[in-house]
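Taking it in order: structure first as structure tokens, then the write-up.
Residue numbers count from 1 along this sequence.
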Amino acid sequence: MKPRSITRSFLLFLLLCTFTGQAQDMIQTRLGYNYLDKFEFTDEWQYLTTDMYLFNPGQFSRVINELEQGTTKARRRDYINLESLFISAQLKNAKLFGQEPVVYPLYNFAIEPANDKKNYTSRISDNIDAIRIIDKLPLAADERNIDATVEAKLFTSDSRELFFNIIANQLTNIAKQVTPQAAMLSLVGEFGNLIRNSAQRKEYKFSSTIRLYEGQNFDTRLHSVRVYVFVPSFAKIPALRTMRLTELLSNSPQGFERQKLEAALNYKDYPVLVVANYKSLYRMDALSGSEITSETIEKRRIRIEQAFTAGLVTEDAYKQEKLFVEFLRNFSDLKQNLNNYRLNYKNNSPEANAKTLFAVVQDYKRLKTLANQRDNEFSRNHTYQRVFKGEYASILASADNYMESDFNLKNGKELVNTVLDLEQEQARAYSVAQREQYLNKIYAVELPNPEFLASTLEGEGIKRHLNRLESAQFNDVYAKEVSRLRDAPPTEENIAFRNNLLDKANSTKCRSCREEVKLAARLFNQRLEEQQLEKEKARLQDLNQQIERKVIAYLKQDDCMENAFKTQYPAESLPEYVQRLYEKKLELKKHVGELDALYKASPKDLKLEALRDHNQRLSGFIQRLDQGYADICAAEKNLCGCQ
């Protein structure tokens, strides 16, 4: 921290302005010691707490008597009939109190003549404890110090009206507040206690600590300490031995006990006022994921608005709270869509399931994107880094847990993280394996139809990244081979090349790559089919020519066998094997008819499959007939003697 910043950060400049009567000699406070902690208090340490410790209060008698005895006789009448010693503090620039000066009544002690009637004694108890005049007072963004004036005034029976005028003025100032806060109204009660105790000549001590912000988990540490000594105005500046005190304070960042402070100070000559200032780090109200609903978010928004309007939080903390409320609303949307997703999956509608899952993916991506934006925007903002960043991380952790609850949500989480990675490195060139990995994570989620995706910002982003990845993957892996296949002639070698390329494409997650390969294969297959069709046409023509000859030959063969059966074997006593051969002949005669009918019924629509089937049937008949007649002749040569 720069010296100027340290100077501006002095939280409490206490100057004792004394009794304002006509006397030249008066009670003063002298700064006897000033301690400033070496800790670097950054801007997010936004709250001030001030404790005051009064030591040696019985020594006010000495101060009063020295003052009375050291005053010229002409002025001693100012100290006749002393009744009270009143100590007060006035905060100068606390915006909480508006433009009107407001006084804190700290102490009021009764004073009365001693037994010898020549001196005065102050009626002060031995158990004066510390008082906390403010607790976590928010500091203005443009000013880190709170100045105060402390006054010690002696009042006589003749100046009592001055005492009550001070009280009346403060009550009037408080009444001028348009909307006085509870902290202000508590001072009204303090002045009431002051009047009552004064009338009864009882000791008064301030007791209504002004607690402006009842936040939880405030980090509080000692900022500075000042030691003031009450002395007559003509007394020498008191010398304090402060080595032990410095050691105590430097080892007590969280504060100290009154007894240890008094022992370390070890000063008994005059009354001492120790002012200890603490700074507190703003802490937000932490919420768990299960606590975040639209109702709790709205309550938080209203609370922070009211606190800012009342001046209880700084502008920077207010801005961060508003941004965090926006973040919480995104988280609430995610929870709602998660419920919709779980309910919808019971209906088992694929398209509806895809849409509700994608709604969850959208909210999760928006949540993570918003957190990343906050990190980048407020990378040098102390309030965000030290107070809010951890809460953003906590909410994101809850969202991550939700996204781990089933297989589809896990894939959705991976999709979002993948897209965010791609958005962070738009110009990066990825390897083939890296692109496959990214495509695998994106396509693991069953996305809605393209028209639905195109209607959303997130869907457009996913499509853009897919196009980028797949275009690069196609150019690196498939472009040359696809180009070759598009123009390749339908040879056996190229058929093998086509098959290998299809196998390769089937193993990739690049869908457009597969489609390009399939398109090139379809074009190749079209050329192959055209070639095969011409072959089948030529084959049909050849088969037709064969069949015209074959049918006649089969019929002649059948007549020859029929005649042989009749002449060589009597019908009433055919041997069993001859009977079997005769039945086979009759079956072959039937097949000859079927072949002739098939031959005469050639397909009118010369499609490859139909033509190939027709040719195969013709060829099958020929093979069966040739083999059948050959089998009969081989079994009984007497049946095949015709030329």
Kindly say whether Ala521 contributes a backbone atom to a donor-acceptor pair with the side chain of Asn525 at under 3.5 angstrom? yes

Take Leu357 and Leu409 through the test side-chain contact (heavy atoms from CB on, under 4.5 Å) and record every step on the way to the result. CA-CA 8 Å; Leu357 176 60; Leu409 293 175; 3.8 Å; yes

Roughly how far, to the nearest 0.5 Å, is the CG atom of Leu581 from the CG atom of Leu639? 6.5 Å

For the ring pair Tyr569 and Tyr582, is the centre-to-centre distance below 6.0 Å? no

Please round to the nearest 0.5 Å and tell me the distance separating atom CG of Asp363 and atom CG of Asp333. 5.5 Å

Between Glu326 and Arg329, is a salt bridge (charged side-chain N to carboxylate O under 4.0 Å, His left out) present by the stated rule, with each step listed? CA-CA 5 Å; Glu326 177 189 357; Arg329 288 198 179 103; over 6 Å; no

Less than 3.5 Å apart, any donor N or O on the side chain of Tyr430 or Gln437 sitting next to an acceptor on the other? no

Given the ring of Tyr438, does Arg435 sit roughly above its face, with NZ or CZ under 6.0 Å from the centre of the six-membered ring and within 45° of the axis? no

Examine Arg221 relative to Phe39 and say whether NZ or CZ is less than 6.0 Å from the centre of the six-membered ring and inside a 45° cone about the ring axis. yes

Start with the C-alpha gap between Lys441 and Glu414, add the side-chain angles, then the distance that decides, and say whether salt bridge (charged side-chain N to carboxylate O under 4.0 Å, His left out) holds. CA-CA 6 Å; Lys441 290 181 178 180; Glu414 286 298 319; 3.5 Å; yes

Here's one to test your reading of the geometry: is the NZ or CZ of Arg374 within 45 degrees of the ring axis of Phe327 and under 6.0 Å from its centre? no

Indicate yes or no: at least one non-hydrogen side-chain atom of Ile462 is less than 4.5 angstrom from one of Leu415. yes

I'd like to know whether CD of Glu446 has more than 12 heavy-atom contacts from other residues, nucleotides or ligands below 6.0 angstrom. no

Whether over 12 other heavy atoms sit under 6.0 Å from Tyr577 OH: yes

Side chain of Glu470, backbone of Arg511: donor and acceptor closer than 3.5 Å? yes

When you measure from the side chain of Thr356 to the backbone N and O of Ala352, does any donor-acceptor pair fall under 3.5 Å? yes

Nearest 0.5 Å, what's the CG-CD distance between Leu370 and Glu377? 9.5 Å

Carboxylate-amine/guanidinium proximity below 4.0 Å for Arg300 and Glu305: no

Sole residue of Arg522, Arg486, Lys480 in salt bridge (Lys or Arg N to Asp or Glu O under 4.0 Å) with Glu516: Arg486

Just wondering, are more than 12 heavy atoms of other shown residues or ligands nearer than 6.0 Å to NZ in Lys413? yes

I'd like to know if the side chain of Gln557 and the backbone of Tyr629 have a donor-acceptor N/O pair within less than 3.5 Å. no

Give a yes/no verdict on a cation-pi contact between Arg484 and Phe497, requiring under 6.0 Å between NZ or CZ and the six-membered ring centre and an angle within 45° of the axis. yes

Measuring from Leu396:CG to Glu391:CD, what's the distance to the nearest 0.5 Å? 11.5 Å

State whether a side-chain donor-acceptor pair under 3.5 Å links Asn353 with Asn344. yes

Shortest non-hydrogen contact between Gly412 and Met403, atoms and distance: C-CE, 4.1 Å

Are Lys504 and Tyr478 in a cation-pi setup, meaning NZ or CZ lies under 6.0 angstrom from the ring centre and within 45 degrees of the ring axis? yes

Counting C-beta onward and ignoring hydrogens, is there a side-chain heavy-atom pair between Arg342 and Ser405 closer than 4.5 Å? yes

For Asp375 and Tyr384, does a side-chain donor sit closer than 3.5 Å to a side-chain acceptor? yes

Does a side chain donor of either Asn494 or Thr491 reach within less than 3.5 Å of an acceptor in the other side chain? yes

Are Glu594 and His591 linked by a side-chain donor-acceptor pair shorter than 3.5 Å? yes

Is the closest basic N to carboxylate O distance between Glu458 and Arg366 below 4.0 Å? yes

Counting only heavy atoms not in Arg580, do more than 12 sit closer than 6.0 Å to its CZ atom? no

Pairwise distance CG(Leu328) to OG1(Thr296) - rounded to 0.5 angstrom: 7.5 Å

Please name the pair of heavy atoms, one in Pro489 and one in Phe524, separated by the smallest distance, quoted to 0.1 Å. O-CE1, 3.4 Å

Check ion pair Glu609-Arg612 (N to O, under 4.0 angstrom): yes

How far does OG1 of Thr220 sit from OH of Tyr278, to the nearest 0.5 angstrom? 9.5 Å

Under 3.5 Å, is there a donor-acceptor pair between the side chain of Thr508 and the main chain of Ala505? no

Cys640 and Cys633 SG atoms under 2.5 angstrom apart: yes

side-chain contact (heavy atoms from CB on, under 4.5 Å) evaluation trace for Asn408 with Val445: CA-CA 7 Å; Asn408 292 321; Val445 176; over 6 Å; no

Taking atom CD as the centre, does Glu583 end up with more than 12 heavy-atom neighbours from other residues, nucleotides or ligands that are less than 6.0 angstrom away? yes

Counting only heavy atoms from other residues, nucleotides and ligands, does the tally under 6.0 Å from CZ of Arg380 exceed 12? no

Check whether any side-chain heavy atom of Asn340 sits under 4.5 Å from a side-chain heavy atom of Asn337, and report yes or no. yes

Can you see whether Tyr341 engages Asp406 through a side-chain donor-acceptor pair at a distance of less than 3.5 angstrom? yes

Minimum side-chain heavy-atom gap Phe621-Ile547 below 4.5 Å: no

Verify side-chain contact (heavy atoms from CB on, under 4.5 Å) between Ile395 and Phe324, making sure each step is shown before the conclusion. CA-CA 10 Å; Ile395 299 303; Phe324 190 68; 4.1 Å; yes

Whether the side chain of Asp558 engages the backbone of Tyr554 through a donor-acceptor N/O pair (distance < 3.5 Å, no angle test) should be reported. no

Short question: side chain of Gln320, backbone of Thr383 - any donor-acceptor pair under 3.5 Å? no

Just wondering, do His465 and Glu423 contact through their side chains at under 4.5 Å, heavy atoms? yes

Would you say CD of Glu576 has more than 12 non-hydrogen atoms from neighbouring residues, nucleotides or ligands within 6.0 angstrom? no

Could you check whether any side-chain N or O of Gln385 sits under 3.5 Å from a backbone N or O of Phe378, counting only pairs where one atom can act as donor and the other as acceptor? yes

Residue pair Val578, Gln568: steps toward the side-chain contact (heavy atoms from CB on, under 4.5 Å) verdict: CA-CA 11 Å; Val578 174; Gln568 296 183 29; over 6 Å; no

Under-4.0 Å salt bridge between Glu530 and Arg527: no

Salt bridge (Lys or Arg N to Asp or Glu O under 4.0 Å) partners of residues 539-552, not counting sequence neighbours, each pair once: Glu536-Arg539, Lys550-Asp626

Residues, nucleotides or ligands: over 12 heavy atoms within 6.0 Å of Gln541 CD: no

Backbone of Asn563 reached by a side-chain donor or acceptor of Thr567 within 3.5 Å: yes

With no hydrogens and no angle check, do the side chains of Lys368 and Asn417 hold a donor and an acceptor under 3.5 Å apart? yes

